[in-house]
Amino acid sequence: MDYQLLADLLFPNVTETPDDVEAKFPPRQLPEGAKVTRFAPSPTGFVHFGGLFPSTICERLAHQSGGVFMLRIEDTDAKREVEGAAEGLIRTLAHYGIHFDEGAVIGEDGKICDRGNYGPYCQSQRGPIYHVFAKKLVSEGRAYPVFTTQEELDALNAVDKKAEIKAKDWHEDQSAQREAMRKAREITLDEVKAHLAAGDPFVLRILADGDPEKKTPFTDLIKGKLEIPENDEDFVLLKSDGIPTYHFAHAVDDHLMGTTHVIRGEEWLPSLAKHIMLFRYLGFRLPKFMHIAQIMRLDENGNKKKLSKRDMGANMDDYSRMGYDPACVCEYIMTLLNSNYEEWHAQNADKPYTDFPFNIKKMSSSGCLFDFDKLNDVSKNIISRMSAEEVTEKVTAWAMTYDPDFGKLLAKAPAFTESIFAIGRGGKKPRKDLATWADAKPYMGFFFDEIFTIEDAYDERFDKADVKAALNGFLATYDPADDMTVWFDKIKAIAREIGYADDMKAYKANPEAYRGNIADVSMFLRVALTGKLNAPDMYAVMQVLGEARVRARIEKMRDSL
RNA sequence: GGCCCGUUGGUCAAGCGGUUAAGACACCGCCCUUUCACGGCGGUAACAGCAGUUCGAUUCUGCUACGGGUCACCA
């Protein structure tokens, strides 16, 4: 077989040589130790947690080492592509602080375009480049065309299915598909010419020379030492539309773009043998690999499953809707990424997570379960350290899109809103009421007359006359100018007047001697003012509410009894 | 089923041949407290199993079990 002739037959329009292409992608001039990484999603939908996770690692590793972080769009499967997905991906990633040095970006016109010297960064636009290397492989006898159509393939599949040959038997060499594949290798030049003359489409398959009985030692930066069985599968390099498969595009692109570290999910481990073979055939130096463990979820049987789209907590856009601040999500990701992050953060509370010395060695090799409890805890801590001004701004912004009526209420009175969020904020032991912006409304919505309602009722064991007397007593002595001590002394006095204990210790020592206690009196006021049994510090609440609202709410409650 | 990866409390995890096997979240109790939230103190709870190497295995090796992944002209 004259491979050069075959190559010319298959790729008549390819005139460039691999060297010509290489010349356009010169080695990068970067400082020692700089890492070049890339996030390479296929534009088939939204960003999900399982995608944000590795992209954070790529970003950290590149930027921490003074390297380059790229975005490559793997749009090689037109069938699965979703309109506008790439743009959405970029926006969502940016929302989570993932910014790229080069790659696909959103241009002024809102469309995807390139930034950087190693593009194009959308694989669909790199066709000619792949073909140069495909031609090279053919000319060296390491790849061959297969003219079997999809229909014929489906038919073979049906034959196997009928013969009950399952995937497990596939390697037993009994299947019709396997048989056909073996024959396809023996195609002659004349047959190729005939097919080409007839305009038949073909796929390009690699001619695998591996022996799966032989293992190649391989070191993965996360998994450690591995044994990879050699690849013996003639996998597809170019699909019949001339577009490369992931495997081929990965090898060509990561080599040309100068990727030093390939970071991807561990579901790629089984095809690593193919990639090693491709890099060898192509004469490319193998980059370093990090196969990271998948984020898991619990299925209905209590088993761990890979967190995939559709799962609760998968779609990053859902986090926005739920009101999670991106900073909190990033922080949570850091705690999952590096187990020593929390310790570092405790000592460097005011520093951004980008200051943390991220370390590959501290990464777990097994998949972890997504934990909302932990996310919420991380969120509460972060939000508790924000200023009232920042919280006001963020809650308002969130509500404007997800709860517009409430948002408008907040936007109408920003100073009032800020004074609400200032309650219990600042200081050494700040309140931790909010894990999400959506938590704000149930927490402090009662401040607004427009949505204030009485949610909790008084316990029936209390005499309505007592409640009424307490409320009236308060109204009679209330002075918003009182400091907290004077204010509380007045409430104590009211308690005494209606026969309630004004001192909890005395009450606990002898509960039968009283009809109630100071806590009960406080509760009478609290329900009248906030509509709830639980609320932030009542003195602060009254200060923020202002005298008019305080009196109006208490009077209204009194009159309703 | 073949191949590959993994397995320390409910969850995330320290540990890298000798430890009372950290810490965080969750849960429970107590304290603080006019409620809640915060904070403080304390508690329940783990090395998947079996062999082997070793004076000694959570740590090294092998097997088993369990879990995960993968086996496309998808990535």
Side-chain angles (χ1 to χ4, degrees), chain A residues 40-44 74-77 79-80 123 146 148-150 153 157 166-172 177 201-205 212 220 223-224 226-229 233 235-247 249-250 264-273 291 293-294 296 298 302-306 332 335-336 339-343 346 362 364-378 380 384 423-424 427-434 443 456 488 491-492 495 502 504 517-527 530 532-539:
Chain A
S42 60
T44 53
E74 309 223 322
D75 51 350
T76 54
D77 185 9
K79 288 191 290 293
R80 295 200 313 150
Q123 290 181 329
V146 177
T148 315
T149 63
Q150 184 63 53
L153 227 46
N157 206 333
K166 297 181 187 125
K168 65 172 173 154
D169 302 314
W170 209 73
H171 286 280
E172 303 294 318
Q177 292 177 73
F202 65 90
V203 300
L204 195 70
R205 283 184 185 272
D220 182 272
K223 298 280 181 182
L226 305 174
E227 290 204 323
I228 311 290
E233 189 188 327
F235 60 93
V236 172
L237 261 20
L238 291 179
K239 297 181 265 188
S240 55
D241 55 5
I243 297 193
T245 56
Y246 169 86
H247 310 297
H250 153 54
R264 59 187 6 175
E266 65 181 347
E267 71 270 23
W268 288 108
L269 228 33
S271 43
L272 183 56
H291 287 92
Q294 295 287 336
M296 313 295 268
L298 240 34
N303 288 326
K304 284 185 179 180
K305 283 276 176 312
K306 169 175 151 185
Y332 173 56
T335 67
L336 290 180
S339 51
N340 55 329
Y341 176 76
E342 283 187 88
E343 191 188 350
K362 284 284 181 184
S364 178
S365 63
S366 55
C368 64
L369 228 40
F370 184 88
D371 185 4
F372 265 107
D373 278 333
K374 186 69 183 182
L375 203 213
N376 287 338
D377 181 66
V378 167
K380 282 184 179 180
S384 76
I423 295 174
K428 273 237 178 304
K429 295 185 271 186
R431 295 187 63 92
K432 297 180 180 174
D433 304 286
L434 272 36
Y443 167 65
D456 295 331
F488 196 54
I491 294 176
K492 281 183 179 173
D502 66 353
M504 285 308 284
N517 61 56
I518 183 73
D520 298 327
V521 175
S522 296
M523 185 268 289
F524 297 158
L525 290 166
R526 184 175 301 108
V527 172
T530 70
K532 300 190 291 190
L533 256 9
N534 304 329
D537 179 69
M538 197 159 51
Y539 178 75

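Because the structure is predicted, anything quoted here is derived from the model rather than measured. Just so it is clear: chains get the letters A, B, ... in the order the sequence lines come, proteins before strands, and each one is counted from 1.
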For atom CG of A:N340 and atom P of B:C16, their distance in whole Å: 14 Å

B:U58 - base-pair partner by Watson-Crick or wobble geometry, distances under 3.5 Å: none

Rounded distance in Å between the P positions of B:A48 and B:G67: 16 Å

A:L272 CG to A:I228 CD1 distance, which is reported to the nearest 0.5 Å: 4.5 Å

Of A:P229 and A:D371, the one whose closest RNA chain B nucleotide lies more 5': A:P229

Atom-pair distance (CG on A:D456; P on B:U35), nearest Å: 16 Å

B:G9 pairs with, by Watson-Crick or G-U criteria that keep both distances under 3.5 Å: none

P gap between B:G23 and B:G43, integer Å: 10 Å

Aromatic-base stack, A:F488 on B:U34, cutoff 5.5 Å, angle under 30: yes

Pairing partner (Watson-Crick or G-U wobble, both distances under 3.5 angstrom) of B:A14: none

Sugar-phosphate, base or nothing in reach of A:L226, heavy atoms under 4.0 Å: sugar-phosphate

Phosphate contact (B:G10 OP1 or OP2) by A:K304 side-chain N/O below 4.0 Å: no

B:U34 versus B:A45 - spacing of their C1' atoms, nearest Å: 36 Å

Separation of B:A37 C1' from A:L533 CG (nearest whole Å): 15 Å

Sugar-phosphate, base or nothing in reach of A:S364, heavy atoms under 4.0 Å: sugar-phosphate

Inter-nucleotide P distance (B:C30, B:U35), Å rounded: 15 Å

CD-NZ distance between A:Q294 and A:K305, expressed to the nearest 0.5 angstrom: 13.0 Å

Any strand: nucleotide that pairs with B:U20 via Watson-Crick or wobble, under 3.5 Å: none

Atom pair OG1/CG of A:T530 and A:D456 - distance to nearest 0.5 Å: 7.5 Å

Non-hydrogen atoms of A:Q123 and A:D75 that approach each other most closely: N-OD1, 3.1 Å

Aromatic ring pairing A:F235/A:H247, orientation class (parallel under 30°, perpendicular over 60°, tilted between): perpendicular

Gap between atoms NZ and C1', on A:K362 and B:A22 respectively (whole Å): 12 Å

Closest non-hydrogen atom pair between A:H291 and A:G265, with its separation: CD2-O, 3.6 Å

Closest nucleotide among B:A14, B:A26, B:A75 to the A:D377 side chain: B:A26

Sugar-phosphate only, base, or nothing, as touched by A:T530 at under 4.0 Å among non-hydrogen atoms: nothing

Donor/acceptor link under 3.5 angstrom from A:R431 side chain onto base of B:C36: yes

Complementary nucleotide for B:G1 - Watson-Crick or wobble, under 3.5 Å: B:C71

Geometric class of the A:F370/A:F372 ring pair [parallel <30°, tilted 30-60°, perpendicular >60°]: perpendicular

Given B:A14, B:C36, B:C5, the nucleotide with the shortest approach to the side chain of A:L269: B:C5

Nearest-Å distance once atom P is located in both B:U19 and B:C71: 45 Å

Listed nucleotide nearest any side-chain atom of A:V236, set B:C73, B:G6, B:U34: B:C73

Nearest listed nucleotide, side chain of A:D537, among B:A75, B:U34, B:G6: B:U34

Candidate nucleotides B:G68, B:C73, B:A75, ranked by approach to the side chain of A:K305 - the nearest: B:G68

Sugar-phosphate only, base, or nothing, as touched by A:K306 at under 4.0 Å among non-hydrogen atoms: sugar-phosphate

Whole-Å distance separating the CE atom of A:M538 from the P atom of B:U35: 10 Å

Selection from B:C5, B:C25, B:G39 that lies nearest to any side-chain heavy atom of A:K432: B:G39

Base B:C73 to side chain A:S240, donor-acceptor N/O within 3.5 Å cut-off: yes

Euclidean distance for P, B:C47 against B:G10 (whole angstrom): 9 Å

Given B:A26, B:A13, B:A24, the nucleotide with the shortest approach to the side chain of A:D373: B:A26

Integer angstrom distance from the C1' of B:G17 to that of B:G1: 39 Å

Nucleotide paired to B:C38 in any strand shown, Watson-Crick or G-U, under 3.5 Å: none

Nearest to side-chain heavy atoms of A:C368, which nucleotide of B:A75, B:C12, B:A14: B:C12

Length of the line joining A:I243:CD1 and B:A72:P, which is rounded to integer Å: 21 Å

Sugar-phosphate only, base, or nothing, as touched by A:T76 at under 4.0 Å among non-hydrogen atoms: sugar-phosphate

Derivation of the side chain to side chain contact (heavy atoms under 4.5 Å, CB included) call for A:L237 and A:R205: CA-CA 5 Å; A:L237 261 20; A:R205 283 184 185 272; over 6 Å; no

Distance between C1' atoms of B:C5 and B:A21 (Å, rounded): 26 Å

Interatomic distance where CZ belongs to A:F370 and C1' belongs to B:G68 [whole Å]: 19 Å

Closest nucleotide among B:G69, B:A75, B:G68 to the A:K239 side chain: B:A75

Least distance between heavy atoms, A:P229 atom then A:P212 atom: CB-O, 3.5 Å

Nearest-angstrom distance from the residue atom CZ of A:R526 to C1' of B:A37: 12 Å

Residue A:N534, side-chain heavy atoms: nucleotide from B:A14, B:C36, B:G6 that is nearest: B:C36

